[in-house]
Visitor: 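Sharing a structure, written as structure tokens. Questions coming.
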Amino acid sequence: MKGVFTLQNSTNTFSVQEMIQLKKQKKNTSSTIEKIVPILLLFTAIVSVLTTLGIVLTLIVETFTFFSRVSIVEFFTSTKWYPFSPTQGSYGVLPLVVGTLKVTGIAAIVAIPIGLATAIFLSEYASDRTRRIIKPILEVLAGIPTIVYGFFALTFVTPLLREFIPSLEIFNALSPGIVIGIMITPMIASLSEDAMSSVPNSMREGALALGSTKLEVSLKVVLPAAISGIIASIVLAVSRAIGETMIVAVAGGSTPNMSWDLTTSIQTMTAYIVQVSQGDAGYGTTIYYSIYAVGFTLFVFTLVMNLFAQFISRRFREEY
Amino acid sequence: MKLINHTSVVKHMKPRLVINILFKSLFFAATLFGLLVLGILLYRIFTQGIDYLDMQFLQSLPSRKPEQAGVKTALIGTIWLMAVVTPISLFLGVGTAIYLEEYAKKNRFTSFIQVNISNLAGVPSIVFGLLGLTVFVRALSLGTSVLAAGLTMSLLVLPIIIVASQEAIRSVPKELREASFGMGATKWQTIVHVVLPAAIPGILTGGILALSRAIGETAPLVVLGLPLFLAFLPKSVFDMFTVLPMQIYNWTGRPQAEFQSLAAAGIIVLLVMLIIMNSIAVLIRNKYQKRF
């Protein structure tokens with residue numbers, strides 16, 4: 001018969017036409033897959049864009065509802081934050097911002113020197129072996145859940161500080177600030193170390209050959225060369241400190257105030273959102289909408305800092 | 001003529017070298033500080049919580065009496081949460097990474113997605129909670145269910161998985177892809193049979209790190225309105241539930257010393273889970289490192 005051949009030792013007979021048909025079918029299904037898959041994957045990629053859009057829209061819409069009840073001028077200029085007052089609530093976000101800044105400032109004062117010193121030690125002084133051991137251990141610090149840090153701040157750091165500062169209240173700005181500083185130290189250390197390690201060795205060797213000590217090489221050659229990465233790491237870490245929630249919610253207290261005293265109870269923007277979420281502020285009340293306005297303020301703070309960090313590391317990146 | 005005056009070199013170098021040593025020890029001390037704090041933290045929590053940690057603690061429901069309280073609901077809830085977050089975040093994250101690395105053209109839209117992902121990574125977790133509260137809990141009326149929390153957490157850890165997967169996919173050598181194309185494989189066949197198997201260690205490592213972030217997060221769940229006290233187990237993804245960090249938060253907020261110890265015991269359970277997950281990640285990374 002024409003067009004049919006039998007394979008020896010095979011029970012199947014195939015006509016060439018059939019084989020071509022089969023092959024074509026296979027090709028069709030695989031080419032459909034080839035066409036569908038990129039579209040499907042594009043949709044997964046769009047989810048991350050939708051998330052950002054969702055965050056921004058949510059915050060804007062609910063904040064608008066809030067501003068239809070509370071004047072925007074009051075929100076940004078009033079220095080009183082008494083949302084739970086039954087007679088007349090006062091919504092001035094400044095006390096919450098001050099609380100946040102106090103904690104963030106302490107965190108930065110703790111984290112920047114320690115983080116940078118660690119980075120210099122790991123990148124310039126430590127042997128390869130030491131670095132390989134210490135760096136992962138430090139990164140463990142960054143992986144500990146924040147609620148654990150909150151517990152640590154409340155049950156260990158605060159009592160310890162009260163030994164030295166008897167006037168310190170149980171809830172205060174100092175203890176969560178220090179603990180947040182410890183939490184973001186590995187972030188500064190790790191990112192700055194990466195930036196300093198990428199400074200080429202020839203620059204170090206040149207400076208050493210001119211008679212510099214290692215310290216002078218680190219501070220006068222490597223540090224300036226890596227400054228963009230270092231600043232970016234600091235900005236990112238501070239932005240993390242601003243958005244940190246559980247440590248301040250546990251150890252910071254819930255007393256929004258404008259004072260710059262570090263020993264008294266405070267409330268940060270994040271801690272306020274937690275306080276309202278836990279309470280029974282019903283859906284649709286002004287208090288309910290106020291968490292979105294506060295969240296929006298927080299979001300703007302961190303977004304500006306993140307964009308700033310990206311700008312610095314892109315604009316001032318030195319290519320070697 | 002003497003070009004180098006030995007005494008004056010020594011005179012000038014000596015203080016500089018001393019300062020060098022001084023600062024070196026200072027830098028070393030700063031490095032040790034971090035390790036020291038880690039040590040104190042673990043020691044404190046261990047000594048405080050170990051007395052309460054036994055099988056009864058793992059198998060009991062939460063209770064108002066400290067000696068009867070346990071973490072069963074929280075432990076089971078955490079496992080439920082992981083069961084929701086793992087498939088969703090891996091599917092979305094790896095899909096995005098494959099799209100960006102293998103399919104996307106280098107245009108403004110692609111770089112927009114990329115910038116968007118790195119910004120998303122910097123958004124405070126509590127803001128994700130506000131998103132989840134509005135979209136999942138209220139608009140889709142999922143309530144404070146496993147599903148609502150799982151979706152919120154998936155979005156939260158998405159950037160971590162995307163970035164890790166992108167790096168893993170990028171590190172697969174070009175030659176492997178070219179060999180696959182040369183054998184007549186299509187693009188998708190190449191991705192499924194060549195690129196992904198080669199990138200799987202990196203993807204898994206990123207996935208585990210993301211998951212360990214998800215089970216340690218508290219703030220978004222507080223905002224979603226998860227109950228602080230729950231005495232029954234979820235039966236489906238639409239049921240209410242609570243997780244370990246919430247339970248720890250609940251105990252931390254109580255003034256009695258017994259509850260503080262319970263919180264420490266809960267923290268030990270949480271940390272052990274995280275240590276196990278991270279060890280698996282490290283094992284995977286070491287086993288498959290430098291294959292090419």
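Protein chains get the first letters and strands the later ones, always in sequence-line order, with residue 1 at the start of each.
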Visitor: Under 4.5 Å heavy-atom distance to chain A, tell me which part of B:I117 shows up: side chain, backbone, both or neither.
Guide: side chain
Visitor: Between B:R44 (side chain only) and A:T155 (backbone N and O only), is there a donor and an acceptor less than 3.5 Å apart?
Guide: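 At least one qualifying donor-acceptor pair exists.
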Visitor: B:E102 versus chain A, heavy atoms under 4.5 Å apart: side chain, backbone, both or neither?
Guide: neither
Visitor: If I measure from the heavy atoms of chain A, does B:L38 come under 4.5 Å with its side chain, its backbone, both, or neither?
Guide: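 Both backbone and side chain.
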Visitor: CD1 of A:I147 to CD1 of B:I267: how many Å apart, nearest 0.5 Å?
Guide: 7.0 Å
Visitor: Taking atom OH of B:Y103 as the centre, does the number of heavy atoms from other residues, nucleotides or ligands within less than 6.0 Å exceed 12?
Guide: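 Counting neighbours around OH of B:Y103, more than 12 heavy atoms of other residues, nucleotides or ligands fall under 6.0 Å, so yes.
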Visitor: B:V135, B:L35, B:L224, B:I248: which one forms the most heavy-atom pairs within less than 4.5 Å of chain A?
Guide: B:L35
Visitor: With a 4.5 angstrom heavy-atom cut-off, is it the side chain or the backbone of A:L116 that approaches chain B, or both, or neither?
Guide: neither
Visitor: Between B:I19 and chain A, with a heavy-atom cut-off of 4.5 Å, which part of the residue counts as in contact: side chain, backbone, both or neither?
Guide: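 B:I19 touches chain A through backbone and side-chain heavy atoms alike.
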Visitor: Can you tell me which of B:G132, B:G253, B:S118 forms the most heavy-atom pairs within a distance under 4.5 Å of chain A?
Guide: B:S118
Visitor: Looking at B:F259, I want to see if its CZ is surrounded by more than 12 non-hydrogen atoms of other residues, nucleotides or ligands under 6.0 Å.
Guide: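 Buried by this count: over 12 neighbours within 6.0 Å.
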Visitor: Check each atom of A:L236 against the heavy atoms of chain B and say whether the ones under 4.5 Å are side chain, backbone, both or neither.
Guide: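 Neither the backbone nor the side chain of A:L236 comes within 4.5 Å of chain B.
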Visitor: Quick check for you: to the nearest 0.5 Å, what is the distance between A:I55 atom CD1 and B:L131 atom CG?
Guide: 5.0 Å
Visitor: Could you grab the distance from atom OG of A:S277 to atom CG of B:L221, nearest 0.5 Å is fine?
Guide: 11.0 Å
Visitor: Just by modelled atom types, is the A:T44 backbone N or O under 3.5 Å from a matching donor or acceptor in the B:T96 side chain?
Guide: yes
Visitor: For B:L270, is it the side chain, the backbone, both or neither that has a heavy atom under 4.5 Å from a heavy atom of chain A?
Guide: side chain
Visitor: Contact part of A:L303 toward chain B, heavy-atom cut-off under 4.5 Å: side chain, backbone, both or neither?
Guide: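 It is the side chain, since no backbone atom gets that close.
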Visitor: If I measure from the heavy atoms of chain B, does A:E216 come under 4.5 Å with its side chain, its backbone, both, or neither?
Guide: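 Answer is side chain: those atoms of A:E216 sit under 4.5 Å from chain B.
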Visitor: Rounded to the nearest 0.5 Å, what's the gap from CE on B:M246 to CE on A:M246? Could you check?
Guide: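 Separation between the atoms: 7.5 Å.
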Visitor: Using a cut-off of under 4.5 Å on heavy-atom pairs, state which of B:L274, B:L22, B:I126 scores highest against chain A.
Guide: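 If we count pairs closer than 4.5 Å to chain A, B:I126 comes out on top.
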Visitor: Pick one of side chain, backbone, both or neither for A:T51, based on which atoms fall under 4.5 Å of a heavy atom in chain B.
Guide: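 Both parts, backbone and side chain.
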Visitor: Please rank B:L155, B:L26, B:I162 by heavy-atom pairs under 4.5 Å with chain A and give me the top one.
Guide: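 It is B:L155.
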Visitor: Which atoms of B:A121 come close to chain A, meaning under 4.5 Å heavy atom to heavy atom: side chain ones, backbone ones, both, or neither?
Guide: neither
Visitor: Select one option (side chain, backbone, both, neither) describing which atoms of A:Y149 are under 4.5 Å from chain B's heavy atoms.
Guide: side chain
Visitor: Surrounding CD1 of A:I170 (heavy atoms of other residues, nucleotides or ligands, distance under 6.0 Å), is the total greater than 12?
Guide: no
Visitor: Side chain, backbone, both or neither: which part of A:I33 has an atom under 4.5 Å from a heavy atom of chain B?
Guide: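 For A:I33, the contact with chain B is made by the side chain alone.
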Visitor: Below 4.5 Å, heavy-atom pairs only: which of A:L307, A:V274, A:I137 has the largest tally toward chain B?
Guide: A:V274
Visitor: Check step by step if side-chain contact (heavy atoms from CB on, under 4.5 Å) holds for B:V222 and A:Q278.
Guide: CA-CA 7 Å; B:V222 178; A:Q278 271 183 290; 3.9 Å; yes
Visitor: Between B:F28, B:Y99, B:F23, which has the largest tally of heavy atom pairs under 4.5 Å with chain A?
Guide: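 Max contact count across the listed options: B:Y99.
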Visitor: Please determine, by modelled atom types, if A:E34 and B:T186 share a side-chain donor-acceptor pair under 3.5 angstrom.
Guide: yes
Visitor: Quick check on A:I182 against chain B: is it the side chain, the backbone, both or neither that has a heavy atom closer than 4.5 Å?
Guide: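 The answer is the side chain of A:I182.
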Visitor: Please state whether the side chain, the backbone, both or neither of A:F152 comes within less than 4.5 Å of a heavy atom of chain B.
Guide: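 Side chain only.
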Visitor: Let me know if A:V49 has heavy atoms under 4.5 Å from chain B in its side chain, its backbone, both or neither.
Guide: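 Answer is both: backbone and side chain atoms of A:V49 are under 4.5 Å from chain B.
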Visitor: Under a 4.5 Å heavy-atom cut-off, does chain B meet the side chain of A:E244, its backbone, both or neither?
Guide: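 Neither part; nothing is under 4.5 Å.
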Visitor: Would a distance-only check, ignoring hydrogens and angles, find a side-chain to backbone donor-acceptor pair under 3.5 Å from A:N306 to B:G122?
Guide: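 Yes, because the side chain of A:N306 sits within donor-acceptor range (under 3.5 Å) of the backbone of B:G122.
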Visitor: Between atom CG of B:L92 and atom CD1 of A:I46, what is the distance when rounded to the nearest 0.5 Å?
Guide: 12.0 Å
